[in-house]
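Ligands are counted one by one from 1 in listed order, and the atoms in each one are counted from 1 as well.
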Amino acid sequence: MSGVLPLIYQCHCSLCRQVSGSSSNSALIIKESQFKWCTGEHQIKSFSTHSGFKSEFCSQCGSPVPNMSSSGESYWVPAGLLTEAVDTKVAAHVYVGSHANWDVGFVNDGIPQFETMPSEQDWLALSGK
Ligand SMILES: [Zn+2]
């Protein structure tokens with residue numbers, strides 16, 4: 001990845017919980033032009049649902065990997081893949097309406113919460129744009 005990194009969101013929906021094996025999925029959306037595969041692209045396997053949810057993972061190690069949006073304009077990047085310190089932060093909890101009942105760590109952390117996905121307008125406001 002290159003350029004300024006956007007804010008990270010944590011999604012608490014049931015599908016993100018399932019594919020991450022945890023309480024939520026932390027990710028960021030970057031422009032297609034900011035992303036380049038270096039190696040291992042041929043090892044990617046894909047899982048998708050009729051609703052459009054898509055998860056891609058490495059068949060070698062099982063890690064979730066970045067995947068391109070349906071428009072081809074951006075990549076969804078799992079934040080846990082970032083191996084170096086980065087200049088961004090978690091800015092929103094999304095799909096808190098379907099969080100696991102045992103997932104309580106985020107409730108009072110002061111980060112904005114959204115029942116589903118924030119509107120583009122809300123997201124831009126969080127980004128200070
Ligand atoms: Zn989700």
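- The OG atom of Ser59 sits 9.0 Å away from atom CD1 of Ile44, with the distance rounded to the nearest 0.5 Å.
- Open room surrounds CG on Asn108; 12 or fewer heavy atoms of other groups in view lie less than 6.0 Å from it.
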Pair His12-Phe106, side-chain contact (heavy atoms from CB on, under 4.5 Å): steps then yes or no: CA-CA 10 Å; His12 298 258; Phe106 73 95; 3.5 Å; yes

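- Of all protein N/O/S atoms, those lying under 2.8 Å from the Zn ion (ligand 1) come to 3.
- Separation of atoms CG (Leu126) and OH (Tyr9) is listed at 13.5 Å; rounding is to 0.5 Å.
- The environment of CD in Gln43 is crowded: more than 12 heavy-atom neighbours from other residues, nucleotides or ligands sit within 6.0 Å.
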Audit row: Tyr95, Ser24, side-chain contact (heavy atoms from CB on, under 4.5 Å) steps and yes/no: CA-CA 10 Å; Tyr95 282 96; Ser24 59; over 6 Å; no

